[in-house]
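Note that these values count all heavy atoms, side chains included, but never hydrogens, waters or copies made by symmetry. In this text the structure is predicted, and so the values were computed from the model without any measurement. Every chain is numbered from 1, with letters handed out A, B, ... down the list of sequences.
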Amino acid sequence: MSVRVRYAPSPTGLQHIGGVRTALFNYFYARSQGGKFILRIEDTDRERYNDESLQDLYDTLEWLGVQWDEGPDKGDFGPYVQSERFAIYQDYAEKLLKDGKAYYCFCTSERLDAVREEQKKNKSKVQGYDRHCRDLDPAEALKRKEAGEPCVIRLKVPMEGKTTFHDEIMGDITRKNSDVSPDPVIVKTDGFPTYHLANVIDDHLMEITHIMRAQEWIPSGPLHVLLYEAFGWEPPKYCHLPLVMGKDGSKLSKRHGATSLKDFRTGGYLPEAIINYITLLGWSFDDSREFFTKEDLEQLFSLEKLSKSPAVFDYKKLEWFNGQYIRQRDPESLKALLLPELQKDGVVSDPVTEEEMAVFDGAFPLIRERLKLTTDVSEMIRFLFKDIDSYETADAVPKKMELKDIPAILDSCSALLEGFEARSDEENEKIFFDKAEELGIKMGQILQPLRVAITGTRISPPLFESIRLLGVSKAAWRIKALSEQIQKETA
RNA sequence: GUCUCCAUCGUCUAGGGGUUAGGACACCGGGUUUUCAUCCCGGCAACGGGGGUUCGAUUCCCCCUGGAGAUGCCA
């Protein structure tokens, strides 16, 4: 039987690292097996549902280049949006009711809270619902429901025996039925199914063969199997993925840093870096290879190489990957990514002028190998486009020198600018080297003040090329400006 | 509390009854270099503890410890 897997997010928030990894693994598995990847929208939580989350889901998958074979817009097993499948769940819930596998429950949330409170206070061994309505007479219950009394439908979980399901990574997982959540709600007061019901029905109806989801779902595995059994269906294969953790070892969340893909999308990251790094969270290929394109993974991904233990998300390594992929990008496509950043930060105009473009083209090779994030570009070359308002004069002082020594050095630099553009970088280097020797200082000591004058910071792209891009006259003006500011400060 | 899962360098991981326990990030040195970065070279650094099984366990089994997850009319 050919593989059919799904990613079934709930549009109640932005797509995050964990969810995206689940999507990717499902997608890669489908591709590697020649199977189908299905996108299903699980929007049964009407309270938390919002359109932005749904849009974010689509934006994220598009950005990653993940395409589904079946989903809201296509496929023969639809609809693929759960809120459009309301009637289906109703029918199946009714069937469970009729077979005595489920029952109406009229307990109010106040009562439920009280029960929970009581259990906590008594440190009770049993927890959760006390099955108060389990043995209500079905005919009686139906009457009450039809009289308009609010109610939910609960699954009648067997109180004896145990339930086992097989996990492709973990092996057999067994749980006593008495430890399974006591009679969970499967249809809410508003008539919508809960996750458990909708998920099981849809996976069965859509002929899903493998359920790949995060390990946080392991505890409800037996419950789902019970549900399949109640319907008389064969459960699919399970594959629970290790959790993604923050540095402190708890489930990755906002307090650990950026977690939504949107943050990464807009934060200077490349999709190829994200895909590569995230896939390595819980999956590996061999003892050394760690670079994988999406296309590679569509071939190489396998369940066997999945790990059991949780993985800590390492922002540093992601950044490293991003830098690697930035350098691998072909120049034109990288420029197309950088230009909008410069425009967003007001470094160049929108639309960009010809002169600006010329400077940017010139600066491009200098910054390409220095970027970790595309968003770093503005800081790096702002000085080529914008004047420097005021200097941090202390930056201009090399080791073993004092602020008052600097203007003299700057003045000698000024003098060397004469004919700068006509000379090669090697020739200029020689000239500055000779000058340093003449002043009895090191090359670095003469270049540091100059660098600060030209770029405004101690750290910059290569100096001579920067001067060339900026133009000698502007350079001379900046040297003068810095010198004057220092003299004012030291006066 | 209860249930379930997990356990190799700080992090991601490879490996597997006998290995100098491998790679990568990070970190620290060194080289290239006008700063930074890139690049190259080198270094630091791990099998949680205790019992078995075995000629031999980091590897297999059990216990402990530790960590995590779940205990919702959220998914």
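Between A/T455 and A/I388, the shortest heavy-atom contact is C-CD1, 3.6 Å. Contact detail for A/H256 and A/K251: the closest heavy-atom pair is CE1-O, 3.4 Å.
Comparing B/rU8 with B/rG15, their P atoms sit 13 Å apart, to the nearest whole Å. Of the P atoms belonging to B/rU2 and B/rA45, the separation is 41 Å, rounded to the nearest Å. Taking atom P in both B/rA37 and B/rC5, one finds a spacing of 47 Å when rounded to whole Å. Separation of the P atoms belonging to B/rC6 and B/rG43 is 36 Å when rounded to the nearest angstrom. With both ends at atom C1', the span from B/rC39 to B/rU11 equals 24 Å, rounded to whole Å. Rounded to whole Å, the C1' atom of B/rU53 lies 16 Å from the corresponding atom of B/rU58. Here the separation of B/rG48 from B/rU59, taken at their P atoms, is 8 Å to the nearest Å. Annotation: B/rG30 and B/rG66 have their C1' atoms spaced 40 Å apart (nearest Å).
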Between protein and nucleic acid, restricted to nucleotides 71-75 of chain B and to nitrogen or oxygen atoms under 3.5 Å apart, what atom pairs and distances do you find?
{"from": "B/rU71", "atom 1": "O2'", "to": "A/Q127", "atom 2": "OE1", "distance (Å)": "3.1"}
{"from": "B/rU71", "atom 1": "O2", "to": "A/Q127", "atom 2": "OE1", "distance (Å)": "3.3"}
{"from": "B/rC73", "atom 1": "O2", "to": "A/T189", "atom 2": "N", "distance (Å)": "2.9"}
{"from": "B/rC73", "atom 1": "O2", "to": "A/T189", "atom 2": "OG1", "distance (Å)": "2.7"}
{"from": "B/rC73", "atom 1": "N3", "to": "A/T189", "atom 2": "OG1", "distance (Å)": "2.4"}
{"from": "B/rC73", "atom 1": "N4", "to": "A/C107", "atom 2": "O", "distance (Å)": "3.3"}
{"from": "B/rC74", "atom 1": "OP2", "to": "A/K188", "atom 2": "NZ", "distance (Å)": "2.7"}
{"from": "B/rC74", "atom 1": "O2'", "to": "A/D45", "atom 2": "OD2", "distance (Å)": "2.8"}
{"from": "B/rC74", "atom 1": "O2'", "to": "A/R48", "atom 2": "NH2", "distance (Å)": "2.7"}
{"from": "B/rC74", "atom 1": "O2", "to": "A/R48", "atom 2": "NH2", "distance (Å)": "3.2"}
{"from": "B/rA75", "atom 1": "OP1", "to": "A/T44", "atom 2": "OG1", "distance (Å)": "3.1"}
{"from": "B/rA75", "atom 1": "OP1", "to": "A/K188", "atom 2": "NZ", "distance (Å)": "2.6"}
{"from": "B/rA75", "atom 1": "OP2", "to": "A/Y195", "atom 2": "N", "distance (Å)": "3.2"}
{"from": "B/rA75", "atom 1": "O3'", "to": "A/E42", "atom 2": "OE1", "distance (Å)": "3.1"}

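Here the two rings, on A/W320 and A/Y315, have centers that are 6.0 Å apart or farther. Residues A/Y269 and A/Y325 place their aromatic rings such that the two centres sit no closer than 6.0 Å.
Counting only heavy atoms from C-beta on, A/W320 has its side chain closest to B/rA26 among B/rU4, B/rU38, B/rA26. Among the nucleotides B/rA68, B/rC6, B/rU4, the one closest to the side chain of A/P310 is B/rC6. Set against B/rC39, B/rU34, B/rG10, the side chain of A/P462 has B/rU34 as its closest nucleotide. Of the candidates B/rU11, B/rC12, B/rG23, B/rG23 carries the atom nearest the A/S288 side chain, counting heavy atoms from C-beta on.
Here A/P184 lies out of heavy-atom contact (under 4.0 Å) with every strand. A/L281 comes within contact range of the sugar-phosphate backbone alone, with a heavy-atom separation under 4.0 Å but no base atom that close. When heavy atoms are screened at a 4.0 angstrom cut-off, A/G323 is found touching no nucleic acid atom at all. The residue A/L463 sits close to a base: some heavy atom pair falls under 4.0 Å. If you check every strand for non-hydrogen atoms under 4.0 Å, A/K251 touches sugar and phosphate atoms only. At the heavy-atom level, A/K305 lies under 4.0 Å from the strands shown only through sugar-phosphate atoms. At the heavy-atom level, A/S460 lies under 4.0 Å from base atoms of the strands shown. Within the nucleic acid shown, A/G444 has no heavy atom closer than 4.0 Å to any nucleic acid atom.
The partner of B/rA68 is B/rU4, judged by Watson-Crick or G-U wobble contacts that both fall below 3.5 Å. Pair check for B/rU34 finds none; no Watson-Crick or G-U wobble contact set falls under 3.5 Å. If you check B/rA46 for Watson-Crick or wobble pairing at under 3.5 angstrom, you find it has no partner at all.
One finds a salt bridge joining A/K317 and A/E290 here, because a Lys/Arg side-chain nitrogen approaches an Asp/Glu carboxylate oxygen to under 4.0 Å. Remark: A/R48 does not engage A/D43 in a salt bridge, criterion side-chain N to carboxylate O under 4.0 Å. A salt bridge between A/D203 and A/R40 is present, with a side-chain N of the basic residue lying under 4.0 Å from a carboxylate O of the acidic one. Salt bridge A/D395/A/R451: absent, no basic N to carboxylate O contact under 4.0 Å.
Residues meeting the ring-ring contact (aromatic ring centres under 6.0 Å, His included) test with A/Y58, sequence neighbours left out: A/W68. Looking at residues two or more places apart in sequence or on another chain, you find no salt bridge (Lys or Arg N to Asp or Glu O under 4.0 Å) involving A/E229.
Seen from the ring of A/Y129, A/R154 counts as a face-on cation partner, given the 6.0 Å and 45° thresholds.
The nearest whole Å value for the distance from the CG atom in A/D248 to the P atom in B/rG66 is 18 Å. One can place CE of A/M170 at 14 Å from P of B/rG69, the figure rounded to the nearest angstrom. The interatomic distance linking A/I454 (CD1) with B/rC36 (P) rounds to 19 Å, in whole Å. Remark: C1' of B/rU35 and CE of A/M380 are 13 Å apart, rounded to the nearest angstrom. Remark: P of B/rA24 and CZ of A/F292 are 14 Å apart, rounded to the nearest angstrom. Atom CZ in A/F432 sits about 14 Å away from atom C1' in B/rU35, given to the nearest Å. With rounding to whole Å, A/I275 atom CD1 is found 22 Å from B/rC12 atom P. As a whole-Å value, the separation of A/E319 CD from B/rU38 P is 11 Å.
Nearest-nucleotide positions on RNA chain B place A/Y277 closer to the 5' end than the other of A/P219 and A/Y277. Projected onto RNA chain B by closest heavy-atom contact, A/R458 and A/I218 fall at different nucleotides, the more 5' of which corresponds to A/I218.
Considering only side-chain N and O atoms, A/K442 lies nowhere under 4.0 angstrom from the phosphate OP1 or OP2 of B/rU35. An OP1 or OP2 oxygen of B/rU4 is reached within less than 4.0 angstrom by no side-chain nitrogen or oxygen of A/K176. Listed pair A/Q324 / B/rC39 meets the phosphate criterion, a side-chain N or O lying under 4.0 Å from OP1 or OP2.
Side-chain N/O atoms of A/K317 and base N/O atoms of B/rA24 include a donor-acceptor pair closer than 3.5 Å. Scanning atom types as modelled, one donor and one acceptor separated by under 3.5 angstrom connect the side chain of A/R451 and the base of B/rU34.
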